[in-house]
Amino acid sequence: MGRTLPRNDELAERFELLADLLELDGADAFRLAAYRRAAQRIRESAVSVAGLALEGKAKRLAGIGGTIERKIAELAETGDLEALAKLRTRLPEGLVEVMRVPGLGSKTARRLWAELGVTGLEELRAAAESGRVRELPGLGEKTEARILRSLAASAPRAEATGRALLGSVLPFVERVVAELATHPAAERVSEAGSVRRRAETVRDLDVIATARGGAELTAFLAGRPWVVEVLAQGPTKATVVSVDGLRLDLRVVPPACYGNLLQHFTGSKDHNVALREEAVRHGLSVSEYGVETAATGKVATHETEEELYVALGYEWIPPELRENRGELEAARAGALPALVRRADVLGDLHAHTDWSDGRVTLEQLVAAARARGQRYLAICDHAKRLGDGRLERQTEAIRELDASLDDIELLCGVEVDIRADGSLDLDDGRLAARDWVVASIHSGLRDPGPELTRRVLAAIESPHVDCIGHPTGRKLNRRPPSDLDLEAVVARCAETGTFLEINGQPDRLDLRDTHARLAAEAGVGIVLSSDAHSAAGLGYLDLAVAQARRGWLTAAQVVNARPWPEVKEMMKR
DNA sequence: GCCGTTTTCGGCCCGACTGTTTTCAGTCG
């Protein structure tokens, strides 16, 4: 085998840089948009796009044509792009950062370079501090002050990604929606934006409402005790900052176009752009205020999203699918999947107690699971904490508790480590006696892809391993996914009948949406897990369900959307 | 640069806000 192929995120980064430099170079805006669309498509792809390009198959991805396919192949073969090298000789690369300063853009950045010699953030700061920025025609004192504010604010923040975990904000948004709904002036209130789409991380929070008296409702929001700062407040809009530093936008809209506005503010941007482009081809112009028929100039409004999508020729599309990943075509054909719902999931197959690193007793965890209506629960404490006969004693405790309960079935599971050599940290005899076995990698996550892949494939070959836990080992905002060859893992899971997990821990959500979709389409059973280490942690199952829905999964593709006896029949052993 | 149920050429979502302007360009979501 020759050089290793560039990863999708590495390819995407190259094309994003290419687009930025082209923008600074004054290239046609549609060309830049094409590179950026392609970059996003590559980043989201569940399969190696470099691999596809070398086989001439990358063109199958929407937004990638012959030119970009050749450039991907060039990157895979030479490690660089001629186009990029050429631009670098013409433009200072630091100008990209200047362009990124809020309020500035490519045009302004280019002028700052051409007229003041600014080639990076340091020179920008110096130019602003010495009052030279305000001397350029079209720029003034306010712009100069804003640049200095942005530079001061962004320096310490550079480390953080600035995006909050869905799991950490969702309960808050739900509380805000409920609070607003209790106000007498409120009529309809809904979450919107990336939270409504259940994106794994979000930058800010959006809520929209209809109301008799918008000013009253925005004033009510601004006066909530958890609000520490009011950035804007008027009759139709308020922006506040919460004690946790979360920015929340409330928009109050007329009832007649509630559907149009909810759709608009739910996004995603890519979904809306694609939807509007398609509408234009049908002689319709879509905005947040309604749908205008170009020929007559008549504007139709829609009280609900359902009416809006139907008027445009689609089935209503669940928010989790609105990422322009094929949902518009499917909705037009009436071929959207019936997504798995929370109520479909009958049991939880991955939870911990204080027999290992959980923070609750077995009894407490089981009580919480019963309160949530779980019909079965697999106790999966770490094998390495269950030596010296503790595994056997825990088994007894689980069996005894199980015998005393008739509304829930308790399973003696285990989470085993996949060691560096691919072996498991529990012997075959004990593994065979478990009801359910999750195997996970907890070490060497930065090792080269081929090594990690060998380890996971070895675990898949074990007749006792039912499911691979948090397969890529990523921690959102903290640790990138490992270089595991997921395509190879998926293929072998499909052949052996091994399941893959969507781990619902807020910072894991692993598998991610596109990988789950790839695996399920290949016929691999997907297990939705809380990986709870506490009673409240059982609620992370909801996040796993959300991620599954973003991965287009139906109940039939979810292993634990079945009663336990049927799960047992699906298992490979 | 991509794309096609009019098109292989000529389109490419739509509106709000800001700062700097006398009518708009740039930026943002």
Side-chain angles (χ1 to χ4, degrees), chain A residues 15-16 18-20 22-42 58-72 81 83 98-112 133-147 149-150 192-194 197 199 202-206 208 231-232 234 236-237 239 247 249 251 253 257 260-261 263-292 294-295 299 312-313 322 324 328-329 332-333:
Chain A
F15 284 110
E16 277 153 9
L18 181 57
D20 289 343
L22 281 169
E23 184 174 353
L24 286 164
D25 202 38
D28 172 60
F30 295 109
R31 217 172 128 215
L32 316 174
Y35 278 120
R36 291 190 174 127
R37 259 200 311 276
Q40 180 160 358
R41 184 69 57 179
I42 294 166
K59 283 194 293 291
R60 291 180 191 173
L61 300 177
I64 295 180
T67 305
I68 292 182
E69 178 171 275
R70 275 191 299 280
K71 284 188 157 67
I72 297 168
L81 285 179
V98 174
M99 178 176 94
R100 288 278 159 69
V101 172
L104 302 186
S106 61
K107 304 269 169 63
T108 314
R110 194 184 164 90
R111 289 189 54 206
L112 288 165
V133 169
R134 74 179 74 171
E135 286 166 10
L136 294 188
L139 300 180
E141 287 180 36
K142 286 195 177 174
T143 303
E144 198 170 80
R146 184 168 182 199
I147 288 171
R149 267 204 316 276
S150 300
S194 47
R197 300 198 312 278
V202 303
R203 197 178 47 227
D204 47 27
L205 313 175
D206 291 291
I208 84 162
L231 297 177
T236 63
K237 186 184 156 170
T239 302
R247 198 188 137 113
D249 276 324
R251 289 163 209 265
V253 307
C257 56
N260 305 87
L261 279 143
Q263 196 281 329
H264 172 78
F265 286 117
T266 296
S268 66
K269 183 176 191 291
D270 288 340
H271 173 86
N272 285 350
V273 168
L275 177 115
R276 290 168 179 199
E277 280 175 351
E278 183 63 20
V280 167
R281 288 193 275 276
H282 290 82
L284 300 170
S285 172
V286 177
S287 80
E288 56 265 54
Y289 302 111
V291 179
E292 180 180 343
V299 177
L312 294 173
R322 299 183 197 171
N324 193 26
L328 288 163
E329 294 79 356
R332 193 168 277 288

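Below, chains carry the letters A, B, ... as their sequence lines are ordered, and counting in each starts from 1. Computation of the quantities below employed the complete heavy-atom set of this structure, encompassing side-chain atoms and omitting hydrogens, waters and symmetry-equivalent molecules. What you see is a predicted model; the values in this text were computed from it and never measured.
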Subject >> nucleotides 13-24 of chain B: protein proximity per nucleotide (B base, S sugar-phosphate only, - neither; heavy atom, under 4.0 Å) >> reply: BBSS--SSS---

Subject >> Nearest-Å distance once atom C1' is located in both dC17(B) and dC12(B) >> reply: 24 Å

Original post:
Does the distance from a Lys or Arg side-chain N to an Asp or Glu carboxylate O, for Arg36(A) and Asp20(A), drop under 4.0 Å?
Top reply: yes

Subject >> Main-chain N/O of Leu104(A) paired to Thr108(A) side chain as donor or acceptor, under 3.5 Å >> reply: no

Subject >> d(CZ, Arg197(A); P, dG29(B)) in whole Å >> reply: 14 Å

Subject >> Distance, rounded to the nearest Å, where Glu23(A) contributes CD and dG1(B) contributes P >> reply: 16 Å

Subject >> Rounded distance (Å) that lies between atom P of dC28(B) and atom CG of Asp270(A) >> reply: 17 Å

Original post:
Taking the P atom of each, how far is dG26(B) from dT22(B), in whole Å?
Top reply: 14 Å

Subject >> Main-chain N/O of Arg247(A) paired to Arg203(A) side chain as donor or acceptor, under 3.5 Å >> reply: no

Subject >> Residue met sooner reading DNA chain B from 5', once Thr108(A) and Thr67(A) are mapped to nucleotides >> reply: Thr67(A)

Subject >> Separation of the C1' atoms in dA16(B) and dT7(B), to the nearest angstrom >> reply: 33 Å

Original post:
Watson-Crick or G-U wobble partner for dG19(B), using a 3.5 Å limit on both distances?
Top reply: dC24(B)

Original post:
Whole-Å distance between dG1(B) P and Phe15(A) CZ?
Top reply: 11 Å

Nucleotide N/O to protein N/O under 3.5 Å, stretch nucleotides 3-11 of chain B:
| residue | atom | partner | partner atom | Å |
| --- | --- | --- | --- | --- |
| dC3(B) | OP1 | Gly63(A) | N | 2.7 |

**OP:** Sequence neighbours left out, what passes side chain to side chain contact (heavy atoms under 4.5 Å, CB included) with Lys237(A)? Give chain and number order.
**Re:** Thr239(A), Asp249(A), Arg251(A)

**OP:** Enumerate the residues from residues 34-42 of chain A whose closest heavy atom to DNA chain B is under 4.0 Å, giving them by residue number; use none for an empty result.
**Re:** Ala34(A), Tyr35(A)

Subject >> Atom-to-atom span, CG of Leu32(A) to P of dG26(B) - whole angstrom >> reply: 14 Å

Subject >> C1'-based separation of dC13(B) from dC28(B) [nearest Å] >> reply: 14 Å

Subject >> Arg203(A) side chain, from C-beta outward: closest of dG29(B), dG26(B), dG1(B) >> reply: dG29(B)

Original post:
Can you list the residues that meet the salt bridge (Lys or Arg N to Asp or Glu O under 4.0 Å) rule with Arg281(A), with sequence neighbours excluded?
Top reply: Glu278(A)

Subject >> Arg31(A) CZ - dC2(B) P separation (whole Å) >> reply: 10 Å

**OP:** Take atom C1' in dT6(B) and the same atom in dG11(B), then report the distance between them in whole Å.
**Re:** 13 Å

Original post:
In whole angstroms, how far is the P atom of dC2(B) from the CG atom of Leu22(A)?
Top reply: 13 Å

Original post:
With a 3.5 Å cut-off and no angle check, do the side chains of Glu23(A) and Ser106(A) form a donor-acceptor pair?
Top reply: yes

Original post:
When rounded to the nearest Å, what value does the distance between C1' atoms of dT8(B) and dC2(B) take?
Top reply: 12 Å

Hey, can you pull the donor-acceptor pairs under 3.5 Å for the side chains in residues 59-68 of chain A, sequence neighbours left out?
| residue | atom | partner | partner atom | Å |
| --- | --- | --- | --- | --- |
| Lys59(A) | NZ | Glu69(A) | OE2 | 2.8 |

**OP:** Whole angstrom is fine here: how far is it from CZ in Arg110(A) over to P in dA25(B)?
**Re:** 19 Å

Subject >> Whether Ser268(A) side chain and Arg322(A) backbone form a donor-acceptor pair below 3.5 Å >> reply: yes

Original post:
Going by atom types only, do Arg276(A) and His264(A) share a side-chain donor-acceptor pair under 3.5 Å?
Top reply: yes

Original post:
With a non-hydrogen cut-off below 4.0 angstrom, is Leu104(A) in contact with a base, only sugar-phosphate, or nothing?
Top reply: sugar-phosphate

Original post:
Any side-chain N or O of Ser106(A) less than 4.0 Å from the OP1 or OP2 oxygen of dG26(B)?
Top reply: no

Original post:
Is a donor on one side and an acceptor on the other found under 3.5 Å between the side chain of Asp28(A) and the backbone of Phe30(A)?
Top reply: yes

Original post:
What is the distance from atom OG1 of Thr266(A) to atom CG of Asn272(A), rounded to the nearest 0.5 Å?
Top reply: 8.5 Å

**OP:** Quote, to the nearest angstrom, the C1' distance that separates dC14(B) from dC9(B).
**Re:** 25 Å

**OP:** Could you go through the side chain to side chain contact (heavy atoms under 4.5 Å, CB included) check for Arg134(A) and Leu139(A) one step at a time?
**Re:** CA-CA 5 Å; Arg134(A) 74 179 74 171; Leu139(A) 300 180; over 6 Å; no

**OP:** Using atom types as modelled and distance alone, determine if a side-chain donor or acceptor of Glu288(A) lies under 3.5 Å from a backbone N or O of Leu261(A).
**Re:** no

